[in-house]
Amino acid sequence: MRMLLNVKLPNTEFNAAVKDGSVSKKMGQILEEMKPEAAYFTEQNGQRSALLIVDIDDPAEIPMLAEPWFLTFNASVELRVIMTSEDLKRAGLEELGRKWST
């Protein structure tokens with residue numbers, strides 16, 4: 001199941017890691033362990049953020065994705081199931097439309 005992890009990094013904790021020089025090592029360890037399909041970094045509401053695309057086979061993998069962010073940076077993590085355009089094509093929207101619009 002493909003998921004979007006929206007990681008919001010608190011300024012206090014992330015700034016401390018930047019100042020003490022550990023941020024690259026910490027981020028590198030987390031990303032190496034997670035092996036995201038894609039990773040984007042941005043700002044959300046004044047906080048540094050990471051948007052990560054991951055693929056999991058079992059919901060039991062969710063803590064492996066979230067805990068490093070929680071424990072390392074006191075981050076908040078939101079998880080959303082996402083689809084590719086190919087997934088959407090296979091979703092059967094036309095049949096659902098016929099079924100539920102009568």
### Query
What are the two closest non-hydrogen atoms of P10 and F73, and how far apart are they?
CD-O, 3.3 Å
### Message
Are L4 and L9 linked, directly or through intermediate hydrophobic residues, by side-chain heavy-atom contacts shorter than 4.5 Å (ILVMFWY only)?
### Response
no
### Task
Enter the distance from E78:CD to S49:OG here, rounded to the nearest 0.5 Å.
9.5 Å
### Message
Would you say CD of E95 has more than 12 non-hydrogen atoms from neighbouring residues, nucleotides or ligands within 6.0 angstrom?
### Response
no
### Query
If we ignore angles and hydrogens, is there a donor and acceptor under 3.5 Å between the side chains of E86 and T84?
yes
### Of L5, V7, N6, the residue whose pairing with L51 passes side chain to side chain contact (heavy atoms under 4.5 Å, CB included)
N6
### Task
Measure the spacing between CD1 of I30 and CE of M64 and express it to the nearest 0.5 Å.
12.0 Å
### Message
Please determine whether a side-chain nitrogen of the Lys or Arg among K35 and E33 lies less than 4.0 Å from a carboxylate oxygen of the Asp or Glu.
### Response
no
## Note on the structure
Of all heavy-atom pairs linking A39 and L52, the shortest is CB-CD2, 3.4 Å
### Task
Starting at CG of D55, measure out to CZ of R2 and round the result to the nearest 0.5 Å.
5.5 Å
### Query
To the nearest 0.5 Å, what is the distance between CZ (F70) and OG (S76)?
8.0 Å
### side chain to side chain contact (heavy atoms under 4.5 Å, CB included) between I82 and M3, worked out
CA-CA 5 Å; I82 57 173; M3 300 190 76; 5.5 Å; no
### Query
Less than 4.5 Å apart, any side-chain heavy atom of Q47 and any of F14?
no
### Query
When you look at V77 and K8, which way does the side chain to side chain contact (heavy atoms under 4.5 Å, CB included) test go after all the steps?
CA-CA 6 Å; V77 177; K8 297 176 186 168; over 6 Å; no
### Query
Do other residues, nucleotides or ligands put more than 12 heavy atoms under 6.0 Å from E43 CD?
yes
### Query
What closest approach, in Å, do P68 and P63 show between heavy atoms, and which atom pair accounts for it?
CD-O, 3.9 Å
### Query
If you round to the nearest 0.5 Å, how far is CG of L79 from CE of M1?
10.0 Å
### Query
Heavy-atom distance under 4.5 Å between the side chains of M34 and L65, does that happen here?
yes
### Message
Membership question, hydrophobic clusters at under 4.5 Å side-chain separation (ILVMFWY): are I56 and V81 in the same one?
### Response
yes
### Task
Nearest 0.5 Å please: distance from the NZ atom of K26 over to the CD atom of E13.
10.0 Å
#### Entry: Test item: P36 and I53 side chains (from C-beta on) under 4.5 Å apart, heavy atoms
no
### Task
Taking the side chain as every heavy atom from C-beta outward, state whether N15 and R48 have any atom pair closer than 4.5 Å.
yes
